[in-house]
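Encoded as structure tokens, the structure appears first; notes follow it.
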Amino acid sequence: MKNNTGPFEVTDEYYEDLDAAAHELAEAEYQLSLITDGVDIMEKTLMFKADQEYKATTNSNKSLPIELQRREAKRSPEYAHAVRAKAAAKRAQSLAKSKRFDLDKRFDEWRTRSADKRNAGRY
């Protein structure tokens with residue numbers, strides 16, 4: 001998408017940019033979905049691991065309370081890395097939405113300007 005200083009016009013390049021922005025947004029949302037699901041699965045796996053370690057160290061069959069399992073899971077470096085990946089995916093999604101919004105806004109401005117030109121010629 002080029003930043004032209006002149007008035008915006010709808011051209012083939014605009015539709016190519018719009019298509020590219022739609023694909024970029026879809027990819028960002030797909031990646032965010034995958035990573036979000038992965039973080040949830042990782043959290044449950046790490047919670048289970050913390051519970052198993054607790055049972056092994058206490059030599060009992062009692063489970064570690066859920067909130068303590070969750071706390072232990074969130075302390076792990078793997079979980080922190082996954083959360084950073086999720087944040088990066090969320091950022092990519094936000095940037096793609098912003099790009100799409102900008103293209104839609106330019107189109108709306110062009111449509112209004114075009115309608116004003118048509119109406120100016122009638123009166």
Side-chain angles (χ1 to χ4, degrees):
M1 184 168 59
K2 294 180 183 176
N3 287 333
N4 296 331
T5 56
F8 172 77
E9 293 296 326
V10 174
T11 62
D12 288 341
E13 183 181 353
Y14 166 78
Y15 287 110
E16 290 169 7
D17 288 346
L18 188 63
D19 188 50
H23 286 288
E24 188 177 322
L25 179 58
E27 181 63 24
E29 288 178 346
Y30 172 73
Q31 290 297 325
L32 180 60
S33 176
L34 287 178
I35 292 171
T36 299
D37 290 346
V39 168
D40 292 343
I41 291 167
M42 178 182 284
E43 181 181 9
K44 300 288 189 270
T45 303
L46 291 170
M47 286 172 66
F48 177 75
K49 182 180 172 185
D51 186 47
Q52 293 302 314
E53 289 174 1
Y54 175 77
K55 286 179 181 178
T57 57
T58 60
N59 290 325
S60 73
N61 204 19
K62 289 187 177 182
S63 289
L64 189 63
I66 297 293
E67 288 306 313
L68 293 178
Q69 290 178 25
R70 184 167 284 117
R71 182 186 71 188
E72 290 300 315
K74 289 182 176 183
R75 286 181 25 178
S76 94
E78 299 94 11
Y79 186 83
H81 179 71
V83 168
R84 283 192 293 277
K86 183 178 176 180
K90 184 68 176 165
R91 181 176 183 269
Q93 179 195 35
S94 294
L95 289 172
K97 280 184 179 180
S98 175
K99 187 176 185 180
R100 177 67 190 259
F101 178 78
D102 182 52
L103 288 168
D104 289 343
K105 187 80 166 162
R106 287 180 181 205
F107 181 82
D108 288 343
E109 290 171 357
W110 171 82
R111 184 176 56 200
T112 301
R113 196 173 59 249
S114 296
D116 289 347
K117 283 181 188 177
R118 282 192 305 276
N119 287 335
R122 290 183 183 166
Y123 300 108

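Along the sequence shown, the residues carry numbers beginning at 1.
- You'll find the side chain of Thr45 stays beyond 4.5 Å of the side chain of Phe48, heavy atoms only.
- Residue Met47 is not grouped with residue Ile41 when hydrophobic side chains (ILVMFWY) are merged at heavy-atom distances under 4.5 angstrom, including chains of intermediate members.
- Screening Gln93, Glu27, Arg91 against Leu32 for a side chain to side chain contact (heavy atoms under 4.5 Å, CB included) leaves a single residue, Gln93.
- Rounded to the nearest 0.5 Å, atoms CG (Asp116) and CZ (Arg111) are 12.0 Å apart.
- The structure places CG of Leu103 at 11.0 Å from CG of Asp108, a figure rounded to the nearest 0.5 Å.
- One finds the CG atom of Asp19 at 11.5 Å from the OH atom of Tyr14 (value rounded to the nearest 0.5 Å).
- Looking at Ser94, its side chain does come within 3.5 Å of a backbone N or O of Lys90 through a donor-acceptor pair.
- Hydrophobic cluster membership is shared by Phe8 and Leu18, with clusters built from Ile, Leu, Val, Met, Phe, Trp and Tyr side chains linked at under 4.5 angstrom.
- Around the CZ atom of Arg113, the shell of radius 6.0 Å holds more than 12 heavy atoms that belong to other residues, nucleotides or ligands.
- Here Ile35 is tied into one hydrophobic group with Val39, Met42, Leu46, Tyr79, Val83, each link being a pair of ILVMFWY side chains closer than 4.5 Å.
- Here the straight-line distance linking atom CD of Gln69 with atom CD of Glu67 works out to 9.5 Å at 0.5 Å rounding.
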### Query
Should Thr11 and Glu13 be marked as a side-chain hydrogen bond (donor to acceptor under 3.5 Å, both in side chains) after you check the CA-CA gap, both sets of side-chain angles, and the distance that decides it?
CA-CA 5 Å; Thr11 62; Glu13 183 181 353; 4.8 Å; no

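- When all heavy atoms are compared, the tightest approach of Val10 to Tyr15 is CG1-CE1, 3.4 Å.
- Sorted by first and then second residue, the pairs that involve residues 48-62 and meet salt bridge (charged side-chain N to carboxylate O under 4.0 Å, His left out), not counting sequence neighbours, are Asp51-Lys55.
- No option in Lys99, Arg100, Arg106 other than Arg106 meets the salt bridge (Lys or Arg N to Asp or Glu O under 4.0 Å) test with Asp102.
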